[in-house]
Amino acid sequence: MELLSGNEAIAQGAWEAGARIGVAYPGTPSTETMEEFAKKDGVYAEWCPNEKVAVEVGAGACAAGARVLATMKHVGVNVAADPLFTVAYTGVNGGFVILAADDPGMHSSQNEQDSRFYALAARIPMLEPSDSAEALAFTREAFDFSERFDMPFMIRSTVRISHAKTLVEMGERTEVPLRPYEKDASKWVMMPAFAKPRRISLDSRVDAVKAWAEECSLNRAEMRSREVGIICSGAAYQYVVEACPEVSVLKLGCVWPMPEAKIRSFADAVDRLYVVDEASEYLSLMVKSLGIEVAPFTRPLPAAGELSAQAVSVAMGGEVPAHQEAPSDVPGRPPALCPGCPHRLVFKELSRMRAIVTGDIGCYTLGALPPLSGMDTCVDMGSSVSMAHGFELALAGTDHRPVVAVIGDSTFGHSGLSSLLNTAYNKGAGTVCILDNRTTAMTGRQGNPFNGVTLQNRESREMDLEGLVRALGIEDVQTVDPHNAEAVRTALKEATHRADDLSVIVFRAPCVLLERKRKPAFEVTSACTGCGVCATLGCPAISKDAETGVAFVDASLCIGCGQCAQYCKFGALVSTEA
């Protein structure tokens with residue numbers, strides 16, 4: 001027995017099932033799954049530029065006869081939706097399993113989504129484990145199910161399942177031979193003439209999966225007291241059995257298609273039926289759609305965020321536990337860019353020039369927070385460039401502040417490139433800043449096309465970022481050291497003054513966590529006047545002495561980057577290097 005996280009268990013399950021190929025774009029809480037799969041013997045794994053590409057690569061590999069695992073977080077399913085819906089029509093050759101890792105509570109996401117609605121809409125069977133042991137077993141079996149029913153299968157996890165560790169019994173790998181590929185345009189070419197019959201075929205395959213869902217062991221009724229019954233799935237099951245050990249539970253391991261007959265039978269066997277769901281109404285809506293009465297809770301379950309055993313207990317009429325409000329004078333600890341982060345001065349200068357900054361997904365999103373306050377919008381991957389173009393269109397002909405898009409190198413490869421192509425094609429104006437820190441930092445420093453580092457460290461190509469931008473017809477392209485405040489200020493000023501042109505600035509310097517180089521810390525001399533300018537950089541190493549009012553540098557946090565010294569006109573910040 002081993003302690004594995006849900007992510008590790010899914011990777012293990014795919015390996016045991018004989019999966020040969022893994023494709024993904026990193027995104028919390030799914031990232032570790034593909035990283036762990038890539039370490040296994042006898043597999044090929046890669047980071048793709050985005051989730052749509054990952055599913056398309058997976059679809060090609062499964063059509064060729066290989067078993068394939070694709071992983072992504074919930075918002076990645078949005079990106080992958082185009083091929084996802086059609087792969088349900090084509091079906092598979094080798095087994096194809098797709099992990100959708102949801103993030104109730106938005107621990108590292110811009111929204112809450114329930115990927116079970118995608119399974120319903122695309123008509124792709126979805127399994128939902130409630131611990132790591134099930135994560136392994138469900139994934140391993142899903143490959144067999146995929147080939148048996150000629151359909152991709154989805155696995156849904158949530159952040160608690162993805163990251164919590166439970167005991168797992170690991171098995172040996174089953175070597176599954178490559179299934180022969182047979183040319184069949186009616187199955188693989190989804191033009192209308194072929195897609196229409198495949199739509200009918202999908203109906204037949206869904207009927208077969210529905211019949212299987214009624215009998216499979218993944219859905220099980222645990223009968224206890226017949227006064228109360230609860231339907232639940234995934235992590236919510238763990239909360240239910242802890243909070244209400246005496247009630248009967250219908251635990252759904254297959255959440256689409258729903259086992260309708262089993263649900264009706266369970267509802268008939270209890271006096272009052274409840275449905276416990278997390279940050280969603282998916283199960284409630286599905287149960288109610290069968291005409292089954294669902295009892296209201298004594299107190300409503302939280303509509304958003306993660307559940308807990310306590311929340312379930314309170315909803316079922318348990319006492320609200322005694323608690324004490326947090327003292328109002330406890331200072332907050334907001335997230336911040338790391339000491340020495342190469343993005344910091346870019347946001348400092350954008351804030352100083354009062355630019356309208358359309359931001360993107362990545363650790364640089366923290367530039368929106370005080371004291372930098374250097375970002376106005378952030379919606380989704382690649383949106384910064386498109387939204388900046390929209391701002392420019394709306395504000396055309398007015399005397400407006402500079403509009404600047406800020407996007408990271410990995411995000412630019414994910415979906416920013418197509419956005420910039422649109423702006424260039426439509427003769428748009430404005431300034432685009434590509435923050436190239438040589439990695440995909442926020443999800444754990446993964447490789448991407450612009451640093452040329454692959455998931456399994458194979459020989460690769462490092463894409464020419466500036467050359468790629470120039471190939472779109474954009475002539476005003478420059479590369480700047482983001483640690484040089486004067487160079488950052490000059491580049492931004494020059495680019496934004498060319499109001500009728502499209503300018504791209506590549507700010508290139510490695511993430512401080514990538515290089516992990518540390519110079520002697522800086523210290524504050526008696527020349528400090530307590531003006532507070534250095535504190536406006538938002539560096540965690542800089543604070544103000546409560547008694548004297550002068551600046552203070554925490555030597556345990558300072559990495560000696562010298563960014564702060566460039567803003568001190570009194571020369572009060574100096575390196576401790578002899």
Side-chain angles (χ1 to χ4, degrees), residues 326-357 359 363-376 401-402 404 406 433 435 437 441 480-493 496 507 509-513 515-578:
S328 58
D329 59 347
V330 174
R333 189 183 180 187
L337 295 171
C338 298
C341 175
H343 305 328
R344 177 170 280 107
L345 302 192
V346 176
F347 286 107
K348 173 64 177 175
E349 293 303 320
L350 288 171
S351 183
R352 285 185 62 180
M353 66 193 300
R354 297 185 64 250
I356 298 171
V357 181
C363 50
Y364 47 87
T365 310
L366 297 173
L369 301 178
L372 291 170
S373 302
M375 188 180 290
D376 292 78
R401 291 184 282 147
V404 179
V406 175
C433 298
L435 307 183
N437 64 357
V480 176
D481 177 5
H483 291 293
N484 186 324
E486 185 61 35
V488 172
R489 185 178 304 134
T490 300
L492 287 171
K493 185 179 296 184
T496 54
F507 289 105
C511 169
V512 291
L513 298 179
E515 290 205 328
R516 298 184 181 274
K517 291 181 180 178
R518 192 170 188 142
K519 299 177 182 178
F522 274 63
E523 64 180 4
V524 181
T525 70
S526 58
C528 179
T529 65
C531 70
V533 170
C534 58
T536 64
L537 289 171
C539 177
I542 302 175
S543 59
K544 181 177 285 190
D545 188 290
E547 295 183 2
T548 64
V550 300
F552 171 75
V553 174
D554 185 340
S556 68
L557 294 176
C558 178
I559 69 166
C561 69
Q563 291 180 356
C564 57
Q566 299 178 69
Y567 286 87
C568 182
K569 63 181 180 180
F570 304 105
L573 288 160
V574 297
S575 173
T576 57
E577 186 174 16

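Among all heavy-atom pairs drawn from Val574 and Thr525, the shortest one is CG2-CG2, 3.5 Å. Between Tyr364 and Leu435, the closest heavy-atom pair is CB-CD1, 3.9 Å. Among all heavy-atom pairs drawn from Val404 and Ala355, the shortest one is CG2-CB, 4.1 Å. The two residues Pro370 and Ser373 make their nearest non-hydrogen contact at CA-OG, 3.5 Å. The shortest non-hydrogen separation linking Leu345 to Val488 is O-CG1, 4.0 Å. Closest heavy-atom contact between Met375 and Gly359: SD-CA, 3.5 Å.
Between Phe507 and Val406, the closest side-chain pair of non-hydrogen atoms is not below 4.5 Å. Residues Cys433 and Val357 form no side-chain contact, since every pair of their non-hydrogen atoms from C-beta on lies 4.5 Å or further apart.
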inquiry  = Working note: Asp545 + Val524, criterion side-chain contact (heavy atoms from CB on, under 4.5 Å); need CA distance, chi angles, decisive distance, verdict.
reply    = CA-CA 11 Å; Asp545 188 290; Val524 181; over 6 Å; no
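Residues passing the side-chain contact (heavy atoms from CB on, under 4.5 Å) test with Ala491, sequence neighbours excluded: Gln478, Val480, Ile505. For Phe347, the ring pair (Phe, Tyr, Trp, His ring centres under 6.0 Å) criterion is met by no residue, not counting sequence neighbours. Under the side-chain contact (heavy atoms from CB on, under 4.5 Å) criterion, Ser351 pairs with no residue, sequence neighbours left out. Under the salt bridge (Lys or Arg N to Asp or Glu O under 4.0 Å) criterion, Glu486 pairs with Arg489, sequence neighbours left out. Applying the side-chain contact (heavy atoms from CB on, under 4.5 Å) test to Pro334 and every residue at least two apart in sequence or in another chain returns nothing. Partners of Ser556 under the side chain to side chain donor-acceptor pair (under 3.5 Å) rule, at least two apart in sequence or in another chain, are Asp554. For Asn484, the side chain to side chain donor-acceptor pair (under 3.5 Å) test picks out no residue, with sequence neighbours left out. Partners of Cys338 according to the side-chain contact (heavy atoms from CB on, under 4.5 Å) rule, which considers only residues two or more places apart in sequence or in another chain, are Val512, Leu513.
In this structure, CE in Met353 is found 3.5 Å from OG1 in Thr496, a value given to the nearest 0.5 Å. Atom OG1 of residue Thr365 and atom CG of residue Leu337 lie 9.5 Å apart, to the nearest 0.5 angstrom. To the nearest 0.5 angstrom, Leu366 atom CG is 9.5 Å from Arg344 atom CZ.
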Please list every donor-acceptor pair under 3.5 Å in which a side-chain atom of residues 557-570 meets a protein atom from a residue at least two apart or in another chain.
from, atom 1, to, atom 2, distance (Å)
Gln563, NE2, Cys341, O, 3.0
Gln563, NE2, His483, ND1, 3.1
Gln566, OE1, Ala485, N, 2.8
Gln566, NE2, His483, O, 2.7
Tyr567, OH, Glu349, OE2, 2.5

Table please: side-chain donor-acceptor pairs of residues 534-543 below 3.5 Å, with sequence neighbours left out.
from, atom 1, to, atom 2, distance (Å)
Thr536, OG1, Lys348, NZ, 2.6
Thr536, OG1, Val533, O, 2.4

